[in-house]
Amino acid sequence: MPELPEVENVVRSLAPRIVGRGIIEARFLWPRAAQGEPDGMAELLSGRIIRGVRRLGKHILIDLDVGLIDIHLRMTGKLLFGEPGPYARAVLQLDNGTLVFDDVRQFGYLVWRAADPPAGRDALAATADEFIMLVRARRGRIKPLLLNQSVIAGLGNIYVDEALFRAGIHPLAHGLSRKRLERLYQAISAVLSEAIDAGGSSISNYVDAEGRRGSFQRQHRVYGRESEPCLTCKKPIRRIVVSQRGTHYCPRCQRP
DNA sequence: ATTACTACCTGACAGC
DNA sequence: TGCTGTCAGGTAGTAA
């Protein structure tokens, strides 16, 4: 579920409670959350000191005195303080409390790594020139390209649809001009920073590490608005499938 | 390089 | 109340 703005809010809510703390013990309640190495991971994590926490694309990276923890929430992962519930997959006992990795669908993971995971250029960190170069080096349709984390990291289904709408670009467009890519870059930067400021989008169950929901879902212009009137031209928003993902766009405002 | 399809999972919701 | 099918903020693997 979480994309860049949600992960950013998780990181910000995590920082004041975990940076500088020690990890007393790590327990994996679901071995696959440790990518099949629960004992080894628990061993590597216990006794470590947390030096910092940051975001890379959709990854949460917790820097330790030795290596780091790489957490990916995938669709339903959450990090929460407090007692583990029925969907707890891993528990970090810190010297000041308990951090629980919760994940209904069990797609996410929490693993120790010696160094950062591979990732494309972070969508918020990229400059306009970098963004344009990266996109122009590829041939395919714009939506699948923006979803490809090894090119630009952080965008997911909601924010791609929202950014393409704001830029007036059809999700299947390709070979875009420099001018249209500049407009797309501005749209991406704007939608991501507005969403971060709104605490992210909580459509069903996203919450940050303090359990707070976001409110950006109220500012979605196309995502989840199939058949509703376009906020610009009143034409009904259309839903198609692109890359096996529900894709929302305005057939009048977004031309190929 | 790009696309298409399957798989990993559970839960919410619509329609019968 | 079921039951069935569809959908979901993601990504890996495999094949064409």
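Chain naming here is simple, since letters A, B, ... match the order of the sequence lines and numbering starts at 1 in each.
- Nearest nucleotide to the A/Arg141 side chain, out of B/dT2, C/dG10, B/dA4: B/dA4.
- A/Ser202 comes within 4.0 angstrom of a nucleotide base, judged by non-hydrogen atoms across all strands.
- Neither OP1 nor OP2 of B/dT3 sits under 4.0 Å from any side-chain N or O of A/Arg245.
- With centres under 5.5 Å and a plane angle under 30°, the ring of A/Phe107 is stacked against the base of B/dC8.
- Across the protein-nucleic acid pair, A/Lys58 atom NZ and C/dA12 atom C1' stand 14 Å apart, rounded to whole Å.
- One can place NE2 of A/His174 at 10 Å from P of B/dT3, the figure rounded to the nearest angstrom.
- Taking only side-chain atoms of A/Val104, from C-beta outward, the nucleotide of C/dG10, B/dT10, C/dT11 with the closest atom is B/dT10.
- Computed from coordinates, the A/Lys78 NZ to C/dA8 P distance equals 19 Å when rounded to whole Å.
- The existence of a salt bridge linking A/Arg113 and A/Asp70 is confirmed by a sub-4.0 Å separation between a basic side-chain nitrogen and an acidic carboxylate oxygen.
- DNA chain B is contacted by both A/Arg139 and A/Gln244; A/Arg139 maps to the nucleotide lying nearer its 5′ end (nearest heavy atom per residue).
- Using a cut-off of 4.0 Å between Lys/Arg side-chain N and Asp/Glu carboxylate O, A/Arg48 and A/Asp63 are scored as not salt-bridged.
- At the heavy-atom level, A/Asn205 lies under 4.0 Å from base atoms of the strands shown.
- We find that A/Asp122 and A/Arg55 are joined by a salt bridge, their nearest charged nitrogen and carboxylate oxygen being less than 4.0 Å apart.
- If you check every strand for non-hydrogen atoms under 4.0 Å, A/Thr76 touches nothing.
- Relative orientation of the A/His72 and A/His59 rings is perpendicular, given thresholds of 30° and 60° on the angle between their planes.
- Rounded to an integer number of Å, the gap from A/Arg138 CZ to B/dT3 P is 10 Å.
- Backbone-only engagement by A/Tyr223 is indicated by non-hydrogen atom pairs under 4.0 Å involving sugar-phosphate atoms exclusively.
- The pair A/Arg54-A/Asp116 meets the salt-bridge criterion, since a charged nitrogen lies less than 4.0 angstrom from a carboxylate oxygen.
- Between A/Asn148 atom CG and C/dG10 atom C1' the separation is 13 Å, expressed in whole Å.
- Below the 3.5 angstrom threshold, one finds a donor paired with an acceptor across the side chain of A/Arg105 and the base of C/dA8.
- Using a 4.0 Å heavy-atom distance criterion, A/Gln149 is classed as a sugar-phosphate-only contact.
- Between A/His72 and C/dG10, a side-chain N or O to OP1/OP2 separation shorter than 4.0 Å is absent.
- Positionally, the nearest nucleotide of DNA chain B for A/Arg74 lies more toward the 5' end than for the other of A/Tyr87 and A/Arg74.
- Using a 4.0 Å heavy-atom cutoff across all strands shown, A/Arg89 reaches no nucleic acid atom at all.
- Between A/Tyr206 and C/dA8 there is no side-chain N or O to OP1 or OP2 distance below 4.0 Å.
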